[in-house]
Enquirer: 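Below is a structure I'd like to ask you about.
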Amino acid sequence: MFDSMRAAAAPADGHGDGDDVAVRTPPTRAVVLVTVVATVVTVVLGVLTGTAVLLLGLLVFLPAFASALCTPRQTALVSTWVSALVVVPVALSGERVADRVVLALFAVGFGVLAVYASRLRIAREGALVRLWSTAAAMQRQILRPLPLLTDDVLVDGVYEPVQQDKLVGGDIYDVAATPWGTRVLIGDVQGKGLAAVGMAIDVVGAFREAAHREPTVTALIDSLEAAVVRHNDYAEQRGEPQRFVTAAVLGVETGADVQLVICGHVPPYLLHEGRVTAVGAGTEQAPLGLADLVDEARTVSWFTFPAGATLLLCTDGLTEARAPDGAFYPLEARLGGHVDITAGRLTRSLVDDVHGFTAGAQQDDLAVLAVRRAPVRVPE
């Protein structure tokens, strides 16, 4: 889930260049080595061609590469070295003095600009690192890090927004250990972008509050419906389009039978004793936000979730992933080869498999949860 996070790192040279923000930079030893090698190659070519002074002018561009990769101090070191290599031959030569003085001035000026550019880059990269750190902290509040463990289940999985720099997309999930057992939510907000993220935050927040308040899964679903409707009312006032949310909510209690409500979402799959079984297919009901369009109230379906079994929940980022030839990912068929592995390995292997199937072209947000059943507790 945190593969898209960028981690800040201290300067690798360990010399404390004095920059305010720690970013990844090459070690000073490597910078010196590259500079020396470039100098030797240039001098050797100059001796062989008889144009040593002119070839040294090529080194003027070396500070530009340093400014893109190195700290300001390392860039200053390279710039000073290059300036010296160009200025000294100018001072010792009496031929074409004007041209060589211009070259020397260009080298010195270009070196100063390279150091300035390096400082700007370091400042911008530092701001980006701080931004990613803030986004990562927000993600941990919106979508809790997996795996999550309750008395009833172990939930592990993979979350990959299609826009990796956003960390959070329109797919959502959550797990709540309540007095009435464990409730598991997975959902998918219609559309993409920041508006979809806003809806996702509202639905997750409503789930966390209602899961501990409502004694029944249907009442929990009604609370989620109300949250989506409220969000759409606010969106309409701002002139933004209304959205619906597909969702599946699982209620796991002490017995072997568990509750499931599917609101326009992808039905889950039960993996047990080498078999793969679709659960809840045909019981799909209206997505969240569209309850007013149907007459029937949402109801719960029941199914047996044996001890040691695994339930796979996913969004359509998995089921609607396409190969380059347009074929959809055959989830049920691919699950047949993943029935006897741990929850974490199951989700990761499926995501790796779909990446291979689509040749790495991710078309939508992707959330995959594996819910592993704990041994059934016998009520006292």
Side-chain angles (χ1 to χ4, degrees), residues 2-43 53-91 99-142 160-169 192-194 197 362:
F2 298 106
D3 292 343
S4 63
M5 288 186 185
R6 178 178 177 177
D13 56 12
H15 287 77
D17 284 333
D19 302 307
D20 293 334
V21 180
V23 295
R24 293 180 183 272
T25 57
T28 299
R29 182 178 300 177
V31 174
V32 171
L33 179 61
V34 170
T35 303
V36 170
V37 169
T39 302
V40 171
V41 170
T42 302
V43 171
V53 174
L54 295 180
L55 282 175
L56 285 176
L58 296 176
L59 291 176
V60 169
F61 298 98
L62 193 58
F65 291 101
S67 69
L69 301 173
C70 304
T71 66
R73 179 170 296 182
Q74 292 170 339
T75 304
L77 175 65
V78 174
S79 299
T80 301
W81 174 255
V82 170
S83 298
L85 288 177
V86 176
V87 170
V88 169
V90 170
D99 292 342
R100 299 183 184 192
V101 168
V102 170
L103 177 62
L105 292 175
F106 183 75
V108 173
F110 202 75
V112 172
L113 288 177
V115 174
Y116 177 70
S118 177
R119 289 191 176 277
L120 287 180
R121 177 185 61 82
I122 289 291
R124 290 173 181 173
E125 288 187 359
L128 183 60
V129 168
R130 290 190 293 270
L131 179 62
W132 273 79
S133 298
T134 301
M138 291 179 61
Q139 184 198 43
R140 287 192 293 270
Q141 297 302 315
I142 300 170
E160 290 185 354
V162 65
Q163 296 173 307
Q164 294 290 332
D165 59 329
K166 286 186 169 54
L167 292 183
V168 177
K192 297 180 176 64
L194 292 177
V197 174
Q362 184 176 347

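The analysis underlying the following values was restricted to heavy atoms, covering all of them including side chains, and did not include hydrogens, waters or symmetry mates.
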Enquirer: Locate the shortest heavy-atom distance separating Pro72 from Arg119; write the atom from each residue and the value.
Expert: CG-CG, 3.5 Å

Enquirer: With rounding to the nearest 0.5 angstrom, report the CZ to CG distance, Phe110 to Leu62.
Expert: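 Phe110 CZ to Leu62 CG: 10.0 Å, rounded to 0.5 Å.
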
Enquirer: Which atoms form the tightest heavy-atom contact between Ser118 and Thr71, and what is the distance?
Expert: OG-C, 3.3 Å

Enquirer: For a quick test of reading the model, state the closest non-hydrogen atom pair linking Ser79 to Val115 and the distance between them.
Expert: OG-CG2, 4.1 Å

Enquirer: What are the two closest heavy atoms between Val108 and Ser83, and how far apart are they?
Expert: CA-OG, 3.7 Å

Enquirer: Ignoring hydrogens, what is the shortest heavy-atom contact between Ala114 and Ala64? Give both atom names and the distance.
Expert: CB-N, 4.4 Å

Enquirer: Can you name the closest pair of heavy atoms from Thr75 and Pro63 and give their distance?
Expert: CG2-O, 4.0 Å

Enquirer: Should Val78 and Val34 be marked as a side chain to side chain contact (heavy atoms under 4.5 Å, CB included) after you check the CA-CA gap, both sets of side-chain angles, and the distance that decides it?
Expert: CA-CA 10 Å; Val78 174; Val34 170; over 6 Å; no

